[in-house]
Amino acid sequence: MMKIIFIASGITLLAGSFLLVSNAAATDDYDVKAFGPKSPIVWTKPAKTSFEHRPHTDVAGLECKACHGEIFAMQRGVAQKTGKFTMASLADGMFCGACHDGKRAFASDTKCAACHKIPDDPIVWTKPVKAVVFFHETHGEKSDLKCVSCHDGTFPMQVGVAEKSSNFTMKSIYEGRYCGACHDGDTAFAANTRCNTCHIGRKGYDRLMGRDPYAEKDGH
Ligand code: HEC
Ligand code: HEC
Ligand code: HEC
Ligand code: HEC
Ligand code: HEC
Ligand code: HEC
């Protein structure tokens, strides 16, 4: 409730907000004019990045023109088409980096997962063989620093890209590419051992996707 009153600086909005107060917790009270579009803006090239309006407008109290003047067009996709929408530009103070500089808002070279949301489900590849599994959790989801150990060339931050490449194979892995950058028996178990740890197969995949109901039944 406090939040709604706090951000509603316009008189019209304030009047509207009293109507919302009674059931402010309900998620359908989304005020597009005050908060901006509800559906997240998602960019997919080259990384998967998402942006939500509400934390910026409703929560942080920014006005539309804080961004929709010189920084962003009011149309999704425009920033990406400039060809300059990259981490390097952000570091130079462009786009999100105009604020995400460690002063107005958390810096762009921290909290990677805030802008690049890790998928809820494990990543599963089905080509050329079904099914190879990868969990962000076991690869240090919690540590910001670790994102670059894979997302600085080894893998793009977008599911399905590696799979499209014809060299996403055991041969490449044995030669130290992709998973083989670490699964060499030194940093992590070697890729020519424990095949089933990565290759969970069709049955393992079904079990994996159905694991939640079982976990609930067992009480953990
Ligand atoms: C913190 C920055 C920021 C603020 C503040 C902001 N926006 Fe946006 N908005 C964006 C970005 C980023 C995009 C996508 C631009 C792109 O992809 O090039 C966008 C896109 C939009 C779009 C286009 C959506 C679509 O589907 O094409 C609309 C409409 C919009 N904003 C309205 C608003 C309104 C209304 C407000 C104020 C209530 C607001 N925005 C405040 C950053 C912001
Ligand atoms: C404030 C938001 C934000 C944060 C924090 C952030 N990024 Fe990004 N990142 C973006 C945007 C926006 C793009 C450009 C659009 C796209 O590629 O989807 C991008 C693009 C990228 C790309 C594509 C290639 C490139 O260089 O642009 C990589 C890789 C990347 N980010 C990695 C990271 C890593 C690693 C971190 C943490 C150290 C991080 N990002 C933190 C917003 C962010
Ligand atoms: C006009 C300034 C401004 C711009 C531009 C901006 N942000 Fe933010 N952002 C903020 C402020 C202020 C906060 C709240 C303070 C904080 O979290 O450090 C915030 C918070 C966030 C959060 C945390 C939201 C939460 O749920 O807590 C994310 C994620 C984020 N911004 C992503 C982005 C991305 C991606 C872009 C570019 C597409 C962007 N921001 C552009 C000012 C801005
Ligand atoms: C050990 C390697 C590794 C580490 C560390 C890692 N990732 Fe990933 N990530 C991957 C792989 C592999 C993919 C899928 C790439 C593909 O399919 O081509 C991926 C995909 C992604 C995607 C795309 C999701 C989608 O829905 O398309 C995001 C976002 C992402 N990672 C964010 C992060 C963030 C944030 C961190 C750090 C907290 C991180 N990753 C750490 C290996 C890693
Ligand atoms: C560190 C994880 C990992 C381990 C361990 C691993 N693989 Fe793979 N394997 C992959 C990935 C990733 C692919 C490519 C994606 C796909 O095919 O779904 C792949 C692909 C394959 C393929 C498809 C064709 C080819 O040549 O690439 C075969 C066959 C294969 N692995 C057999 C094995 C065998 C046998 C072992 C054990 C000696 C093994 N793998 C161990 C990750 C692993
Ligand atoms: C940046 C280094 C790095 C890369 C790249 C990497 N891994 Fe790992 N992986 C590790 C480490 C470290 C562990 C934990 C130590 C161990 O088990 O040897 C691990 C553990 C695992 C495990 C066992 C734990 C679990 O999640 O069930 C699997 C499976 C796995 N990795 C699959 C993969 C696959 C598939 C790829 C390629 C898509 C990959 N890894 C790429 C470092 C890496």
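Just so you know, ligand 1 is whichever comes first in the structure, and atom 1 is the first atom listed for that ligand.
Minimum interatomic distance between Tyr30 and Gly36 (heavy atoms only, all atoms of both residues): OH-O, 2.9 Å.
Near Gln158, with a cut-off below 4.0 Å to any heavy atom, the atoms of ligand 4 are 15 (C), 16 (C), 17 (O), 18 (O), 23 (C), 27 (O). Taking every non-hydrogen atom of Pro156 and a distance limit under 4.0 Å, the qualifying atoms of ligand 4 come out as 15 (C). Atoms of ligand 5 lying under 4.0 Å from any heavy atom of Phe189, numbered from 1 in the order shown and given with element: 5 (C). Remark: ligand 5 atoms within the under-4.0 Å shell around heavy atoms of Thr193 are 5 (C). Of all atoms in ligand 4, listed by their number and element, those nearer than 4.0 Å to a heavy atom of Ile123 are 13 (C), 14 (C), 19 (C), 20 (C). Below 4.0 Å from some heavy atom of Phe168 lie the following atoms of ligand 5, by number and element: 12 (C), 14 (C), 15 (C). The atoms of ligand 4 that sit less than 4.0 Å from any heavy atom of Val161 are 16 (C), 17 (O), 18 (O).
For ligand 4, the polar-atom distance check finds an N/O of Ala162 within less than 3.5 Å of one of the ligand's N/O atoms. Distances between N or O atoms of Ile118 and those of ligand 4 include no value under 3.5 Å. By the 3.5 Å distance cut-off applied to N or O atoms, Lys146 is not counted among the residues near ligand 4. Considering both main-chain and side-chain atoms, Lys127 comes within under 3.5 Å of ligand 5 through a nitrogen or oxygen pair. Distances between N or O atoms of Pro128 and those of ligand 5 include at least one value under 3.5 Å. Among the atoms of Gly160, some N or O lies under 3.5 angstrom from an N or O of ligand 4.
The closest side-chain heavy-atom distance from Val42 to Lys48 is below 4.5 Å. Residues Lys146 and His139 are not in side-chain contact: their nearest non-hydrogen atoms beyond the backbone lie 4.5 Å or more apart. Residues Ile123 and His136 are in side-chain contact: their nearest non-hydrogen atoms beyond the backbone lie under 4.5 Å apart. Annotation: side chain of Pro156 is not in contact with side chain of His151 (no heavy-atom distance under 4.5 Å). Residues His183 and Thr193 are not in side-chain contact: their nearest non-hydrogen atoms beyond the backbone lie 4.5 Å or more apart.
Take atom 8 (Fe) of ligand 5 and draw a sphere of radius 2.8 Å; the protein N/O/S atoms inside it number 2.
Not close to ligand 5: Thr197, with no non-hydrogen atom less than 4.0 angstrom away. For the pair His151 and ligand 4, a heavy-atom separation below 4.0 Å is found.
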Pairs of donor and acceptor atoms involving the side chains of residues 64-78, under 3.5 Å and at least two apart or interchain, shall be tabulated with distances.
from: Lys65; atom 1: NZ; to: Glu63; atom 2: OE1; distance (Å): 3.2
from: His68; atom 1: ND1; to: Phe72; atom 2: O; distance (Å): 3.1
from: His68; atom 1: ND1; to: Ala73; atom 2: O; distance (Å): 3.4
from: Arg76; atom 1: NH1; to: Pro40; atom 2: O; distance (Å): 3.0
from: Arg76; atom 1: NH2; to: Ser39; atom 2: OG; distance (Å): 3.1

One pair per line, please: each N/O atom of ligand 3 matched with every protein N/O atom under 3.5 Å away, atom names first, then the distance to 0.1 Å.
from: ligand 3; atom 1: 7 (N); to: His56; atom 2: NE2; distance (Å): 3.0
from: ligand 3; atom 1: 7 (N); to: His100; atom 2: NE2; distance (Å): 2.8
from: ligand 3; atom 1: 9 (N); to: His56; atom 2: NE2; distance (Å): 2.9
from: ligand 3; atom 1: 9 (N); to: His100; atom 2: NE2; distance (Å): 2.9
from: ligand 3; atom 1: 18 (O); to: Phe106; atom 2: N; distance (Å): 2.9
from: ligand 3; atom 1: 31 (N); to: His56; atom 2: NE2; distance (Å): 2.7
from: ligand 3; atom 1: 31 (N); to: His100; atom 2: NE2; distance (Å): 2.9
from: ligand 3; atom 1: 40 (N); to: His56; atom 2: NE2; distance (Å): 2.9
from: ligand 3; atom 1: 40 (N); to: His100; atom 2: NE2; distance (Å): 2.7

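With a 6.0 Å radius and a threshold of 12 heavy atoms from other residues, nucleotides or ligands, Phe155 has its CZ atom above the threshold.
By the criterion of a heavy-atom distance under 4.0 Å, the backbone of Asn192, and not its side chain, is placed next to ligand 5. Contact annotation: for Pro119 versus ligand 4, heavy atoms closer than 4.0 Å belong to the side chain alone.
Residue side and main chain included, His139 places no N/O/S atom under 2.8 Å of atom 8 (Fe) of ligand 4.
Every residue two or more places apart in sequence or in another chain was checked for a side chain to side chain donor-acceptor pair (under 3.5 Å) with Thr154, and none qualifies.
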Stepwise, does the ring-ring contact (aromatic ring centres under 6.0 Å, His included) test hold for Phe51 with His56? CA-CA 9 Å; Phe51 172 86; His56 288 91; 4.5 Å; yes
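At a cut-off of 3.5 Å, with distance as the only test, a side-chain donor of Ser165 or Asn167 sits close to an acceptor on the other residue.
Taken to the nearest 0.5 Å, the OG1 atom of Thr82 stands 4.0 Å off from the CZ atom of Phe95. Taking SG of Cys112 as the start and CE of Met87 as the end, the distance is 7.0 Å to the nearest 0.5 Å. Distance check, rounded to the nearest 0.5 Å: NE2 of His116 to CH2 of Trp43 gives 10.0 Å. Atom SG of Cys195 is separated from atom CD1 of Ile200 by 14.0 Å, given to the nearest 0.5 angstrom.
A donor-acceptor contact shorter than 3.5 Å is absent between the side chain of Ser89 and the backbone of Phe85. Panel note: side chain Gln158, backbone Lys45; no donor-acceptor pair is recorded below 3.5 Å.
Electrostatic pairing of Glu175 and Arg177 counts as a salt bridge here, judged by a charged N lying under 4.0 Å from a carboxylate O.
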